[in-house]
Structure formats: structure tokens, C-alpha cells
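Here the structure is laid out as C-alpha cells; the discussion comes afterwards.
Computed over heavy atoms, backbone and side chain alike; hydrogens, waters and symmetry mates excluded. Note that ligands are numbered from 1 as they come in the structure, with each ligand's atoms numbered from 1 the same way.
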Amino acid sequence: MMDNKKSHIAIVPGSFDPITVGHIDILRRTAALYDKVYLALLVNPEKKYLFDTETRIEIAKLACSDIPNVEVVYSDGMLYSLARELGCSAIVKGIRNETDFAYEMKMALYNRELAPEIETLFLPCNEKNADISSTLVRSLISEGKEDEATKLLPRGAIDIIKKRGFGFK
Ligand code: PNS
């Protein structure tokens, strides 16, 4: 097994349905701390996604295109095994509030049980992003509030959403 403790590689996992400016802030801050960061699109079995995998990947790639040490990856497997396979020493998650903390704490304990050599690190969100979520963005899209949704998405994401036919009412 690779000695992940010595790596300077982190993984930022999530559903990213779609990726928001809040996620991107966490990603940029992680990229400033680590040599290499994987933005990992994974499957949360508790969620039914609005966007298909290809669209989520395309938007995520666009969001990371100006951060040279970030690579977007996709897996329908387990987070701990992907992190191990990629040689990551840390799983980084953004935390907005107590609800996030409670949920992420459970995930962290589960992942540590399975991969004790990989630490989960929590990054508190930027205050201005505390109320931003993919759920909010999806609601704005379904309500046809294009300008409001645009502000919460990476530049160019709206065009991909329209091109892929998820459009606005
Ligand atoms: O953005 P989300 O939906 O909160 O991200 C959750 C995600 C996708 C990171 C989580 O569901 C996950 O790690 N899925 C991969 C499968 C896995 O490892 N499940 C065990 C996690 S406790």
C-alpha cells in the first residue's frame, strides 16, 4: 500500500449537482495548501441528481480550468478506495453549519474506519457562501431565475446548462 501520510495530495469529494461558487472557494483554498488536488465527483445514493454525470463533470472541469493543480475525476465507487488509489493523504470537506458538520462527521468516521491512513479535514466556508447550496441553485433554475442562478455558478456554467437542454422555463 502507498504511504499516503507523506503525500501532499488531497481529494475534495462531492455530488456537485451542480458545483457552486461555495464549492469552488473550498477547492481554491485546498489547492493553495496541497501540491495536487482531485475534485472527485462521486455518487451519493441518498440523492437523485438533476444533472447527468457528463454535465456535472463538464461544469466542474470548467470551474477548475484556471487552477493548475486541480484535476477532476469521477467514480461510482467508494470515496476511501478512490482516495487511497490516488495516493491522497487528506479528504477535504467544506462546512457551512452544524447540519453539515453532523453529516460530514459521520462520513469522516466511516472513511477513517476503512482507511485510517487518510485524514478528513474540515474547512469552514467563507461567510458569504454560508447559504449557497446546489439545492438552492437547482431551485433557482427550475423557477427560471437565470440571473440569480448565474451568480452562484462558475462562469460559463449557465451556457452548458442551456446547451445540455436543462434550460430555463
Ligand atoms: O455533495 P454530497 O452529496 O454531500 O457528497 C457526498 C459524497 C458523494 C461525497 C458521498 O456520498 C460519498 O463519498 N459517496 C461515495 C460512496 C461512498 O464512499 N460512500 C460512503 C460514504 S459514508
Side-chain angles (χ1 to χ4, degrees), residues 1-2 4 7 9-31 33-34 36-64 67 70-126 128-142 149 152-154 157 160-161 164 166:
M1 191 172 71
M2 201 182 294
N4 292 326
S7 90
I9 307 171
I11 188 164
V12 177
S15 291
F16 305 118
D17 183 40
I19 195 165
T20 69
V21 294
H23 295 128
I24 297 162
D25 178 59
I26 296 294
L27 187 67
R28 282 190 193 285
R29 289 161 57 201
T30 306
L33 293 170
Y34 284 85
K36 168 94 188 180
V37 178
Y38 290 100
L39 179 87
L41 279 94
L42 298 170
V43 179
N44 180 345
E46 286 164 24
K47 290 186 177 169
K48 197 173 172 296
Y49 294 126
L50 171 63
F51 296 104
D52 56 63
T53 307
E54 287 69 32
T55 306
R56 287 187 288 128
I57 292 173
E58 194 181 355
I59 299 172
K61 282 190 173 164
L62 180 79
C64 303
I67 322 174
V70 172
E71 189 178 329
V72 176
V73 292
Y74 170 81
S75 168
D76 59 5
M78 301 299 282
L79 170 57
Y80 82 90
S81 60
L82 179 68
R84 187 178 270 168
E85 206 176 288
L86 295 171
C88 301
S89 57
I91 295 167
V92 178
K93 291 291 299 205
I95 302 287
R96 291 165 301 181
N97 49 43
E98 293 83 354
T99 310
D100 277 356
F101 179 76
Y103 176 74
E104 295 302 344
M105 190 68 199
K106 275 193 222 147
M107 300 267 235
L109 294 177
Y110 178 84
N111 285 316
R112 189 162 66 191
E113 184 87 22
L114 294 161
E117 78 280 16
I118 303 171
E119 289 289 357
T120 295
L121 305 178
F122 294 155
L123 270 192
C125 76
N126 190 317
K128 69 176 169 38
N129 295 334
D131 296 323
I132 298 176
S133 64
S134 299
T135 308
L136 172 62
V137 171
R138 292 194 303 272
S139 307
L140 293 170
I141 291 170
S142 70
L152 307 183
L153 287 167
I160 295 172
I161 290 169
R164 295 260 187 181
F166 291 98

Enumerate, one pair per line, all nitrogen or oxygen atoms of ligand 1 lying under 3.5 Å from a protein nitrogen or oxygen, stating the separation to 0.1 Å; write 'none' if no such pair exists.
{"from": "ligand 1", "atom 1": "1 (O)", "to": "S15", "atom 2": "N", "distance (Å)": "2.9"}
{"from": "ligand 1", "atom 1": "3 (O)", "to": "S15", "atom 2": "OG", "distance (Å)": "2.5"}
{"from": "ligand 1", "atom 1": "3 (O)", "to": "N44", "atom 2": "ND2", "distance (Å)": "3.0"}
{"from": "ligand 1", "atom 1": "3 (O)", "to": "K47", "atom 2": "NZ", "distance (Å)": "2.7"}
{"from": "ligand 1", "atom 1": "14 (N)", "to": "V43", "atom 2": "O", "distance (Å)": "3.0"}
{"from": "ligand 1", "atom 1": "18 (O)", "to": "L79", "atom 2": "N", "distance (Å)": "2.8"}

TODO: Locate the shortest heavy-atom distance separating A10 from T30; write the atom from each residue and the value.
DONE: CB-CG2, 4.0 Å
Task: Minimum heavy-atom distance R84-P116, with the two atoms named - done: NH2-CD, 4.4 Å
Under 3.5 Å donor-acceptor pairs involving side-chain atoms of residues 71-82, not counting sequence neighbours:
{"from": "E71", "atom 1": "OE1", "to": "K36", "atom 2": "NZ", "distance (Å)": "2.6"}
{"from": "S75", "atom 1": "OG", "to": "G77", "atom 2": "N", "distance (Å)": "2.8"}
{"from": "S81", "atom 1": "OG", "to": "M78", "atom 2": "O", "distance (Å)": "3.1"}

Task: side chain to side chain contact (heavy atoms under 4.5 Å, CB included) partners of R96, counting only residues at least two apart - done: D100, C125, S133
Open item on the list: Using only atom types and a distance under 3.5 Å, with no angle test, would you say the side chain of N126 pairs donor to acceptor with the backbone of N129?
Closed with: no
Task: E58: salt bridge (charged side-chain N to carboxylate O under 4.0 Å, His left out) partners, not counting sequence neighbours - done: K163, R164
